[in-house]
Student: 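Before we start, here is the structure in question, set down as structure tokens.
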Amino acid sequence: MRRDVALAHASRLVNHGPTVLVVTEHAGRRNVMAAAWSMPVEFTPPRIAVVVDKKTFTRELLAASGRFALCLPCPPLVDLSCAVGSSSGRDEDKFQRHRIAHFPGPVLGLPLIEGCSAWLELRHLPEPHAEDAYDTVFGEVVSAQADDRVFAQGRWSFRDDNADLHTLHHLGAGRFAVPSRVLSAGG
Ligand SMILES: Cc1cc2nc3c(=O)[nH]c(=O)nc-3n(C[C@H](O)[C@H](O)[C@H](O)COP(=O)(O)O)c2cc1C
């Protein structure tokens, strides 16, 4: 069940390095690509950095619209994650081609991907002096949601009984790890 996540806890959704699907939309064009590299960079307001190659269509739509979303795929979406990370939205509407079910983001209205374990919408924070130099983009989180079967009370809970909602961690060459074993410090 999809539930709102307090913005104060939004960074915890990506703190452990999950693969994300970066969703963008501008002037009637929509797109999605996979990104293995993202991380929280500020506490309040919550800000996240994502590496989005300057050559991608995603980067073009992101810069033009000033917004983007991150959807966290889980094991049933592993093939889709690789597929949208292996072709460009310049040539095709990946939502249409892969029949991606989606729902509107609560603040920015971006098409968020059904079946993921968490979703964030972000306003792009332009860095004019760095736009041409770096592939990294920064965003401020304006909405956060998660499936409460795997993220509740501000914490991930990875268990055997919710394995289909675990996050994907890219190992390269189309291989992923999932967080199947959780250790608790101090007890
Ligand atoms: C699992 C996976 C992880 C990826 N991680 C990144 C990443 O962190 N940064 C990046 O710029 N590209 C990454 N890519 C490649 C982009 O997803 C790829 O260039 C995509 O085709 C760009 O699509 P677009 O032109 O429609 O935006 C990744 C691809 C895969 C399959």
Side-chain angles (χ1 to χ4, degrees), residues 10-11 13-42 46-102 105 108 110-127 130-141 158 163-180:
S11 298
L13 294 173
V14 295
N15 174 56
H16 62 309
T19 297
V20 296
L21 302 179
V22 185
V23 169
T24 45
E25 186 178 51
H26 181 66
R29 302 284 305 270
R30 58 188 177 177
N31 194 36
V32 52
M33 69 165 250
W37 292 4
S38 70
M39 66 178 291
V41 288
E42 296 287 340
R47 290 174 172 168
I48 292 174
V50 191
V51 176
V52 180
D53 191 323
K54 289 186 286 298
K55 296 189 291 292
T56 61
F57 188 49
T58 295
R59 184 71 176 252
E60 194 178 313
L61 294 186
L62 195 160
S65 67
R67 61 205 173 117
F68 61 105
L70 304 178
C71 305
L72 275 60
C74 33
L77 297 181
V78 69
D79 288 342
L80 177 71
S81 301
C82 281
V84 300
S86 310
S87 68
S88 179
R90 277 199 191 86
D91 313 320
E92 60 178 357
D93 178 342
K94 293 186 221 176
F95 277 87
Q96 194 169 24
R97 173 166 179 200
H98 301 291
R99 296 194 177 89
I100 299 175
H102 54 89
L108 302 179
L110 286 159
L112 306 185
I113 296 172
E114 295 274 11
C116 288
S117 51
W119 305 263
L120 303 108
E121 290 180 298
L122 301 97
R123 282 193 213 288
H124 181 212
L125 300 168
E127 293 286 336
E131 284 307 274
D132 294 336
Y134 299 109
D135 290 316
T136 307
V137 296
F138 296 88
E140 181 172 321
V141 181
F158 297 118
D164 268 0
L165 290 167
H166 290 194
T167 47
L168 301 177
H169 301 260
H170 195 220
L171 303 176
R175 295 170 64 243
F176 296 84
V178 289
S180 58

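Below, all heavy atoms of this structure are taken into account, side chains as well, without hydrogens, waters or symmetry copies. One-based numbering, in listed order, for ligands and for the atoms of each.
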Student: Please tell me if the side chains of Val14 and Leu120 come closer than 4.5 Å, counting only heavy atoms from C-beta onward.
Tutor: yes
Student: Ser88 versus ligand 1: do any nitrogen or oxygen atoms come within less than 3.5 Å of each other?
Tutor: yes
Student: Does the side chain of His26 come within less than 4.5 Å of Arg67's, by heavy atoms?
Tutor: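 Heavy-atom side-chain distance check fails, nothing below 4.5 Å.
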Student: Would you check if the side chain of Thr19 reaches a backbone N or O of Leu168 as a donor-acceptor pair within less than 3.5 Å?
Tutor: yes
Student: Would you check if the distance from the ring center of Phe176 to the ring center of His170 is below 6.0 Å?
Tutor: yes
Student: Please identify which atoms of ligand 1 are closer than 4.0 Å to at least one heavy atom of Trp37.
Tutor: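 Ligand 1 atoms under the 4.0 Å threshold to Trp37: 8 (O).
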Student: Which residue and atom name correspond to the protein heavy atom nearest atom 27 (O) of ligand 1, and how close is it?
Tutor: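 Looking only at protein heavy atoms, the one closest to atom 27 (O) of ligand 1 is Thr58 OG1, 2.6 Å.
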Student: Considering only heavy atoms of Val52, which atoms of ligand 1 have at least one such atom less than 4.0 Å away?
Tutor: 11 (O)
Student: Among all protein heavy atoms, pick out the one at the shortest distance from atom 11 (O) of ligand 1; state its residue, atom name and that distance to 0.1 Å.
Tutor: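 In this structure, atom 11 (O) of ligand 1 has Asp53 N, 2.8 Å as its nearest protein heavy atom.
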Student: Ligand 1 and Phe176, any nitrogen or oxygen pair closer than 3.5 angstrom?
Tutor: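 Min N/O separation from ligand 1 is not below 3.5 Å for Phe176.
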Student: Report the C-alpha separation of Arg59 and Asp53 in whole Å, then their side-chain angles, then the decisive distance to 0.1 Å, and conclude whether the salt bridge (Lys or Arg N to Asp or Glu O under 4.0 Å) test is met.
Tutor: CA-CA 7 Å; Arg59 184 71 176 252; Asp53 191 323; over 6 Å; no
Student: Report yes or no: does Lys94 contribute a side-chain atom to a donor-acceptor pair with the main-chain N or O of Ala83 at less than 3.5 Å?
Tutor: no
Student: Any idea which protein heavy atom is nearest atom 23 (O) of ligand 1, and the distance to it?
Tutor: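 Sorting protein heavy atoms by distance from atom 23 (O) of ligand 1 puts Lys94 NZ, 3.2 Å first.
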Student: Suppose we measure from atom 21 (O) of ligand 1 to each protein heavy atom; which comes out shortest, and what is that distance?
Tutor: Ser87 O, 2.7 Å
Student: Kindly give the heavy-atom pair with the smallest separation between Pro75 and Asp164, and that separation in Å.
Tutor: CD-O, 3.6 Å
Student: Heavy atoms only: which of Gly89, Ala34, Gly85, Ser38 is nearest to atom 28 (C) of ligand 1?
Tutor: Ala34
Student: Just to be sure I'm reading this right: ignoring hydrogens, which of Pro73, Ala83, Ala35 gets closest to atom 7 (C) of ligand 1? Compare them by their nearest heavy atoms.
Tutor: Ala35
Student: For ligand 1, which atoms sit closer than 4.0 Å to a heavy atom of Asn31?
Tutor: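 Those atoms are 24 (P), 26 (O), 27 (O).
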Student: Determine whether Thr58 and Asn31 satisfy the following criterion, side-chain hydrogen bond (donor to acceptor under 3.5 Å, both in side chains), listing intermediate values before the conclusion.
Tutor: CA-CA 7 Å; Thr58 295; Asn31 194 36; 3.2 Å; yes
Student: Suppose I only count heavy atoms of Phe57 and a 4.0 Å limit; which atoms of ligand 1 are within that range?
Tutor: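 So the answer, numbered in order with elements, is 24 (P), 25 (O), 26 (O), 27 (O).
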Student: Which ligand 1 atoms does Ala36 reach within 4.0 Å, using its non-hydrogen atoms?
Tutor: 3 (C), 4 (C), 5 (N), 6 (C), 7 (C), 8 (O)
Student: Tell me if a side-chain donor or acceptor on His169 pairs with a main-chain N or O of Gly17 at a distance below 3.5 Å.
Tutor: yes
Student: Considering only heavy atoms from C-beta outward, does the side chain of Thr136 approach that of Val50 to under 4.5 Å?
Tutor: no
Student: Could you tell me the residue and atom name of the protein heavy atom closest to atom 19 (O) of ligand 1, and the distance to it rounded to 0.1 Å?
Tutor: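 The answer is Thr56 CG2, 4.0 Å.
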Student: Closest non-hydrogen protein atom to atom 9 (N) of ligand 1, residue and atom name please, with distance?
Tutor: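 The closest heavy atom on the protein side is Val51 O, 2.8 Å.
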Student: Any side-chain heavy atom of Phe138 within less than 4.5 Å of one from Arg47?
Tutor: no
Student: N/O of Val32 under 3.5 Å from N/O of ligand 1, yes or no?
Tutor: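 In this structure, Val32 places no N or O atom under 3.5 Å from an N or O of ligand 1.
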Student: Would you say Thr19 has any N or O atom under 3.5 Å from an N or O of ligand 1, going by distance alone?
Tutor: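 So ligand 1 has no N or O lying under 3.5 Å from an N or O of Thr19.
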Student: For atom 12 (N) of ligand 1, find the nearest protein heavy atom and state the residue, atom name and distance (0.1 Å precision).
Tutor: Met33 CE, 3.5 Å
Student: Does His170, backbone or side chain, put an N or O under 3.5 Å from an N or O of ligand 1?
Tutor: no
Student: Give a yes or no on whether the backbone of Ala101 and the side-chain of Glu114 come within a donor-acceptor separation of less than 3.5 Å.
Tutor: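 No; zero donor-acceptor contacts below 3.5 Å.
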